[in-house]
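Some notes on the structure that comes next.
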Amino acid sequence: TSRRAVRGVALIEALVGVLIFALGIIGMVGLQVAMTRAQGAAKIRADANNLGSEVIGIMWADRANLQKYNGAACESYDPCQEWTDKVAAALPGGEATLSYDAATGGVGIEITWSSPAEGNHRHVLTTSIR
């Protein structure tokens with residue numbers, strides 16, 4: 001009779017072991033998805049920062065034409081328009097706005113982008129060029 005009571009216990013133990021293993025694998029896959037999403041968001045933020053630094057460098061090299069980097073004037077000035085096109089191509093839904101105050105030498109750069117998983121984002125840089 002004791003042999004009948006033990007029958008099937010090994011199968012149940014194996015099934016419980018497989019269940020625990022499967023839960024561990026599902027947890028690892030979920031962690032991988034979260035890490036991949038965070039890595040993608042970090043790359044986009046780094047790209048936005050690099051693009052902002054790039055235009056500051058362009059403006060420093062082109063100090064004679066700083067007024068042309070201001071608001072709507074940017075659209076008619078090739079170096080500025082090329083940079084805004086680069087922002088649009090590099091970031092999902094990327095847009096950029098530049099402003100320059102001749103009185104203070106202040107430069108404002110606002111880069112915005114939007115991703116379906118994370119919504120709208122905004123990166124603002126300010127500096128002074130004299």
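The line from OH of Tyr69 to OG1 of Thr84 is 11.0 Å long, rounded to the nearest 0.5 Å. Residue Ile44 holds its CD1 atom at 7.5 Å from NE2 of His121, rounded to the nearest 0.5 Å. Here OG1 of Thr97 is found 11.0 Å from CG of Asn70. Values are rounded to the nearest 0.5 Å. Going from atom CD of Gln32 over to atom CD of Gln39 covers 9.0 Å, rounded to the nearest 0.5 Å. Rounding to the nearest 0.5 Å gives a distance of 15.0 Å between CG of Leu98 and NZ of Lys68.
Placement of Tyr100 and Val124 in two distinct hydrophobic clusters is found when ILVMFWY residues are connected by side-chain heavy-atom separations under 4.5 Å, directly or transitively. Placement of Ile58 and Leu125 within a single hydrophobic cluster is found when ILVMFWY residues are connected by side-chain heavy-atom separations under 4.5 Å, directly or transitively. The same ILVMFWY cluster, assembled from side-chain heavy atoms under 4.5 Å apart, contains both Leu51 and Ile129.
Side-chain contact between Glu54 and Asn50: absent, with no pair of heavy atoms (C-beta onward) separated by less than 4.5 Å.
Of all non-hydrogen atoms in Gln67 and Ala102, the two that sit nearest each other are NE2-CB, 2.8 Å. Of all heavy-atom pairs spanning Ser128 and Trp60, the tightest one is O-CZ2, 3.7 Å. Between Trp83 and Ala96 the shortest heavy-atom distance is CZ3-CB, 3.3 Å.
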Please set out all donor-acceptor pairs under 3.5 angstrom arising from side-chain atoms of residues 107-115, sequence neighbours excluded.
from   : atom 1 : to     : atom 2 : distance (Å)
Ser114 : OG     : Asn120 : OD1    : 2.9
Ser115 : OG     : Glu118 : N      : 3.4

Verify side-chain contact (heavy atoms from CB on, under 4.5 Å) between Lys43 and Asp47, making sure each step is shown before the conclusion. CA-CA 6 Å; Lys43 182 198 180 305; Asp47 288 346; 2.6 Å; yes

